[in-house]
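Quick notes on the structure that follows.
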2 protein chains.
Amino acid sequence: MGRIIAVMRVTIHEIARRAGVSPSTVSRALNGKGRMRPETRERILRIARELNYRPNAHARGLATKKTHCVGVGISERHMPVKRSFYNVILSSLESTLASYGYHLVFSVLHNEEIPRCISEGRVDGFIILGTDVQRSLVRTLVKRVPILLVDNHLPGVDAIAVDNTGGAYFAVEHLISHGHRRIAFMVETMGDPNFEERFLGYRKALEDHGISFDERLVVEGRRERGFVRIAVRKFLEIKPLPTAIFAANDYTAAGAISLLREEGLRVPEDVAVVGFDDGEVAAYISPPLTTVFVPRGDMGRLAALRMVELLEGKEKRPRSIVLAPELVRRRSCGCRYVT
Amino acid sequence: MGRIIAVMRVTIHEIARRAGVSPSTVSRALNGKGRMRPETRERILRIARELNYRPNAHARGLATKKTHCVGVGISERHMPVKRSFYNVILSSLESTLASYGYHLVFSVLHNEEIPRCISEGRVDGFIILGTDVQRSLVRTLVKRVPILLVDNHLPGVDAIAVDNTGGAYFAVEHLISHGHRRIAFMVETMGDPNFEERFLGYRKALEDHGISFDERLVVEGRRERGFVRIAVRKFLEIKPLPTAIFAANDYTAAGAISLLREEGLRVPEDVAVVGFDDGEVAAYISPPLTTVFVPRGDMGRLAALRMVELLEGKEKRPRSIVLAPELVRRRSCGCRYVT
DNA sequence: CCTCAATGGACAACCGCTTGCTCAAAGGGG
DNA sequence: CCCCTTTGAGCAAGCGGTTGTCCATTGAGG
């Protein structure tokens, strides 16, 4: 009695009936489009509000050919390691997109396949997270919908990336400032463009400080579980032992610290370690990890902003935004604990 | 020349035109519905395949009132800590859902608000991750679409959860088997139902082994960054110092280990530590963390399966699936390293 | 007072697909 | 050979919005 059970979804026709106007007028009132008497508009808006009207996404999508959805894809191969890296991005992406009225459709990329959300026309644009995606796939996708690369870049395609080379440079320079001259570079596997860029920064820092690059100080794991153990084993065989390690990411660094300790080596006294990413682990391990902070929240936010611009704005020439990372000094490098 | 640029999306009408039949026949052929001459059906299917036809999701959704999308929501408050916990679930959820032709719409829950993907009719069902959601919201949502709780449970609502009490019981029992009798329970904050269940398991294990519960051994942090430091400080004030800690989750355990070491205490020799979750950190810290493995991949997979059943199946009486966790022995409890 | 432009709103087509109903043709039985 | 039942396929009405076009008022200007 008096309690309205909203069993039937309220449509534009229902509002029209109650307001004594036609559905098209309601549509225009709701979208602020045509001209109409202010009182008519207000009456319609009021009724819509009272009925708690929400436009049906499908109907609207069908009529306007806009979905107000953005897809986001992550390579299945990237998932294991990058997972926790990406969910910071994911959540800030979602929040920002939501504030513009967009939804996020999550999908895992399978090699060359076109994501179904794209082929079925469920999304207006698509964001690709990470470097593990075939270039040919990207080239195919850009023909379908606006594409945005995050934590990756490709000529001619919009991208939000981080200055890996610069970040690595800071990290290595910091180790050098602690007096280290034999600094190893430890990486899960070369081949990931991001890691290669970090390697470049490593070399450049050495070079700029008059330290000649020694190939034997580069230790590579393998693309599989347990790669850190392999890498650390290789590291321990280097004679004389380097006094510091710059690891291409935090997981490698954390794993290395754990294994070095098992070998009775002290971190940072015997071997200093610096990582990259400032992921969840960094602050939780012992000693807390000095690492390069990658502004993942910003990346997500900027990605959302840029995507909205691509979908609604005027500026559509591909643009690449490169964010500056920042060194976070904790203890694993030999610094006193600050944070 | 000869190269077809698929500029216009191919529709059912186009196929009908080429096949010399009506659109409705094409629709039926594609969906395997009505009766028709096999050759007609095959001809239509062939043409559809050649044209690389994909049905428009909006048109279909509008006509059938099915979206083939499932929403998944995480509380914004849960995001910081639970993030990496949930993305394992998220990815297995997506993969499984995808194999049934469903898409995943990701959304962050804001207090009492009905997620927009639901009110706009973008999803057929909704999955809620975690305990940080208002019961009243859940009660509201179940009236709209099928709801599935994951890592949480509520009477009368479908759920996939883990046996927290049992897992905690194993963990504490394991510490007892190492000879510990003064075992602290360390938790970020009581109030999270999952943590409370773990606390129950802790008490039960003590009780079953004739160890009387000592309230002073329960150390609670606070719901904020740095809570571990607060908890550890409280812990260190306990006289005599407990010989073991059962932490309500891995982050707390990892943080505790790191801080205990700063205080010069050895883990596990002076204080043994066991965590809960078997998250990413667990294997990477030193010493590797003994913890309770929560089958997150299974949770995602089962959630997907159950949701599909709710949407398409017959068995709709709410059902609660409780998964058994498993103790993973590493080193922080005092065990020799196994894995 | 008449004409014309501006204004407010209705009509109807359309977006692409589904589905109940209709109907013609074909096949079978008496 | 005729009638009735299958069978195969088309028609058309939606699903819930959007939008181009047209029409009826209204008001201003001559």
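Convention: sequence-line order gives letters A, B, ...; per-chain numbering from 1.
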query = To the nearest 0.5 Å, how far apart are CG in A:Asn152 and CD1 in A:Ile160?
reply = 12.0 Å
key: Donor + acceptor pair across side chains of A:Ser27, A:Ser24 (<3.5 Å)   = no
query = In whole angstroms, how far is the P atom of C:dG8 from the CD atom of A:Glu39?
reply = 10 Å
request  = Can you tell me the distance, in whole Å, between the CD atom of B:Glu14 and the P atom of C:dC15?
outcome  = 13 Å
ask   = Does the side chain of A:Ser22 get closer than 4.0 angstrom to OP1 or OP2 of C:dA10 through an N or O atom?
value = yes
ask   = In Å, rounded to the nearest 0.5 Å, how long is the span from CG of A:Leu129 to CG of A:Leu149?
value = 9.5 Å
For atom CD1 of A:Ile15 and atom C1' of D:dG17, their distance in whole Å = 11 Å
ask   = Does C:dT18 have OP1 or OP2 sitting under 4.0 Å from an N or O in the side chain of B:Lys66?
value = no
request  = Identify, residue by residue, the members of residues 54-61 of chain A with a heavy atom below 4.0 Å from DNA chain C, and return them in order of residue number, or none.
outcome  = none
key: A:Arg37 side chain near C:dG8 phosphate (N/O to OP1/OP2, under 4.0 Å)   = no
request  = Applying side-chain hydrogen bond (donor to acceptor under 3.5 Å, both in side chains), name anything that partners A:Arg317, two or more places apart in sequence or on another chain.
outcome  = A:Glu315
task = Report yes if at least one side-chain N or O of B:Lys65 is closer than 4.0 Å to OP1 or OP2 of D:dG16; otherwise report no.
result = yes
message = Categorize A:Gly20 for me: base, sugar-phosphate, or nothing, with a 4.0 angstrom heavy-atom threshold over every strand shown.
response = sugar-phosphate
remark   = A:Arg35 atom CZ is separated from C:dA5 atom P, nearest whole Å, by 15 Å
Side-chain donor/acceptor pairs under 3.5 Å, residues 59-71 of chain A, sequence neighbours excluded:
from    : atom 1 : to       : atom 2 : distance (Å)
A:Arg60 : NH2    : A:Asn31  : OD1    : 3.2
A:Thr64 : OG1    : A:Arg60  : O      : 2.7
A:Thr64 : OG1    : A:Lys66  : N      : 3.2
A:Thr67 : OG1    : A:Cys69  : N      : 3.0
A:Thr67 : OG1    : A:Cys69  : O      : 3.4
A:Thr67 : OG1    : A:Arg122 : O      : 3.2
A:Thr67 : OG1    : A:Asp124 : N      : 3.2
A:Thr67 : OG1    : A:Asp124 : OD1    : 2.9
A:Thr67 : OG1    : A:Asp124 : OD2    : 3.4
A:His68 : ND1    : A:Gly101 : O      : 3.2

request  = Quick one: which residue pairs count as a salt bridge (charged side-chain N to carboxylate O under 4.0 Å, His left out) with a foot in residues 36-49 of chain A, not counting sequence neighbours?
outcome  = A:Arg46-A:Glu50
key: DNA chain D: 5'-proximal contact among B:Thr40 and B:Leu62 (nearest heavy atom)   = B:Thr40
task = Mind calculating the distance between CZ (A:Arg41) and P (C:dG9) to the nearest angstrom?
result = 9 Å
task = For B:Ala98, enumerate each residue passing the side-chain contact (heavy atoms from CB on, under 4.5 Å) test, keeping only those at least two apart in sequence or located in another chain.
result = B:Glu94
ask   = Expressed in angstrom and rounded to an integer, what is the separation of B:Glu120 atom CD from D:dG16 atom P?
value = 15 Å
task = Using whole Å, report how far NE2 of A:His68 lies from P of D:dG16.
result = 20 Å
task = Produce a footprint string for nucleotides 19-26 of chain D: one letter per nucleotide, 5' end first; B if the base is under 4.0 Å from any protein heavy atom, S if only the sugar-phosphate is, - if neither.
result = BB------
ask   = What is the distance from atom OG1 of B:Thr11 to atom CZ of B:Arg17, rounded to the nearest 0.5 Å?
value = 9.5 Å
query = Given atom CD1 of A:Ile12 and atom C1' of C:dC11, what is their separation to the nearest angstrom?
reply = 15 Å
message = If you define the side chain from C-beta out and look only at heavy atoms, does anything of B:Pro115 sit under 4.5 Å from B:Leu109?
response = yes
